[in-house]
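Here is how names work: the chains are called A, B, and so on, in the same order as the sequence lines, proteins then strands, and each is numbered from 1. In this text the structure is predicted, and so the values were computed from the model without any measurement.
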2 protein chains.
Amino acid sequence: MYGDSKELFDRLGIRSTRQRKRVYALMLEQKEPVTAERIYRLLHGKEGDGTVNLSTVYRVLELFVNKEIVLKSMIAKENKAVYEINDMSHKHHVTCLSCRKVFFVEGCPLRDFEEKLLEQLDFQVAGHQLEVYGYCAECRKSQNGSGQDKNVLS
Amino acid sequence: MYGDSKELFDRLGIRSTRQRKRVYALMLEQKEPVTAERIYRLLHGKEGDGTVNLSTVYRVLELFVNKEIVLKSMIAKENKAVYEINDMSHKHHVTCLSCRKVFFVEGCPLRDFEEKLLEQLDFQVAGHQLEVYGYCAECRKSQNGSGQDKNVLS
DNA sequence: TTGCAGATGCGAATGATTTGCAAATCGGAA
DNA sequence: TTCCGATTTGCAAATCATTCGCATCTGCAA
């Protein structure tokens, strides 16, 4: 019912609780990064298995982040965090300022940069977060005539 | 005494108040991004010209950000904002997770990436924010895993 | 089945930031 | 220079996301 999260949790050495299973299952369904609040509300929307407290959602997400099965990042311009399943593919987000849609991009332009930091600054990079924002094809098309082909990835 | 901020404010079409002049002058002195709280405390440290209320510091900074004479960004992993004078040079920040010190790096690894986004996704980039975090030479040397919290930013 | 370390629910606390409102101030007009 | 109205400020209280304290509950190893 919850996929084989039990197995995953065992492997991670953490207890398999109803709340963790529900949060994990819900995270798997998400196509874009979500806030803790949204997870909480989605869980309430689902019927059946009882509720999950908001504090618990936060605690479970924190645990998942520590175990690296979930990624956490801050939303640009707002001060709240969003979470997403870590599928190990190192995507970056591109946010349309007009429709707020989030696009994913594979690949990362930072490899060389990180090397440069180590050489020039003796700074050991542990991670990075890149927020790119601008305007997607569709919005540019509908707002001024200069848009080109549309190409929506989701 | 406050530089020629009066002139700047006139040009921007905003009133030249004691508080704005003080905040602006202090921002000019900063060598690294600072929190609103830190500006507030620094202003209290200075003698003479009376104090500036914390809410006012926030309001003045917001105004400066809108007028684009100050840049605002979020500190990685903490949810508070830091501000710095906008010198138009397009620097990026590198934050040490141990001592919280912020380093600047000239140059930007994103030019090619933005081109790629336009070609492949037809996404027109308007801006980006890059947060790199890791461990600085000094902290790695002292091997102090938990960090000596020098509290540079707050 | 049982014991208990670890997990959860609940409400209250936190900390950064924002807001409502009355009083103070800026700067153009008289 | 003085006056006046629009802006800005100070202050305290409100927000909002997130965390914490603590009593109770629950996986799960024995």
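- A donor-acceptor pair under 3.5 Å is formed between the side chain of A/Arg20 and the backbone N or O of A/Arg15.
- Here the closest heavy-atom approach between residue B/Val34 and residue B/Met27 is recorded as CG2-SD, 4.0 Å.
- Taking only side-chain nitrogens and oxygens, A/Arg18 comes nearer than 4.0 Å to OP1 or OP2 of C/dG9.
- Two residues are said to be in side-chain contact when any heavy atoms from C-beta on lie closer than 4.5 Å; B/Phe113 and A/Val105 meet this criterion.
- A/His93 and A/Glu84 form a side-chain donor-acceptor contact under 3.5 Å, judged by distance and modelled atom types alone.
- For the pair B/Leu12 CG and C/dG27 P, the computed distance is 13 Å after rounding to whole Å.
- Aromatic rings from B/Phe64 and B/Phe9 are positioned such that their centres are separated by under 6.0 Å.
- Among the protein residues, B/Ser16 comes within range of the sugar-phosphate backbone only, with heavy atoms under 4.0 Å from sugar or phosphate atoms but none that close to a base.
- At distances below 3.5 Å, not a single donor-acceptor pair connects side-chain atoms of A/Arg38 with backbone N or O atoms of A/Pro33.
- Side-chain contact between B/Leu42 and B/His44 is absent, with no heavy-atom pair separated by less than 4.5 Å.
- Near-neighbour residues of DNA chain C inside residues 60-69 of chain B, defined by a heavy atom below 4.0 Å, are absent.
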Write out a two-atom table: protein N or O, nucleotide N or O from nucleotides 11-13 of chain C, distance below 3.5 Å.
unit_1: C/dG11; atom_1: O6; unit_2: A/Ser55; atom_2: OG; d: 3.0

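- Note that CG of A/Leu71 is 10.0 Å distant from CD of A/Gln129, once rounded to the nearest 0.5 Å.
- Mapping heavy-atom proximity under 4.0 Å, the span of DNA chain D touched by chain A runs 5' to 3' from D/dA17 to D/dC28.
- Using a 4.0 Å heavy-atom criterion, one finds that B/Arg59 contacts the bases of the nucleic acid, with or without backbone contacts as well.
- Taking a cutoff of 4.0 Å between a charged side-chain nitrogen and a carboxylate oxygen, A/Lys6 and A/Asp10 qualify as a salt bridge.
- Atom CG of A/Leu54 is separated from atom C1' of C/dC10 by 11 Å (rounded to the nearest Å).
- Rounded to whole Å, the distance from CZ on B/Phe9 to P on C/dG27 is 10 Å.
- One interatomic measurement links the two molecules: CZ of A/Arg22 to C1' of C/dA7, which rounds to 17 Å at whole-angstrom precision.
- For C/dG9, one of the phosphate oxygens OP1 or OP2 lies less than 4.0 angstrom from a side-chain nitrogen or oxygen of A/Gln19.
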Quiz item: Which is it for B/His92 and B/His128 under the ring-ring contact (aromatic ring centres under 6.0 Å, His included) test, yes or no, and what are the steps along the way?
Solution: CA-CA 10 Å; B/His92 281 296; B/His128 61 257; 5.2 Å; yes
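- Of the two residues contacting DNA chain C, namely B/Ile14 and B/Asn79, the nearest-nucleotide position lying further toward the 5' end is that of B/Asn79.
- For B/Tyr58, whose side chain is taken as the heavy atoms from C-beta onward, the closest listed nucleotide among C/dG27, C/dC10, C/dT17 is C/dT17.
- Looking at heavy atoms from C-beta onward, A/Leu43 lies out of side-chain contact with A/Thr51 at the 4.5 angstrom threshold.
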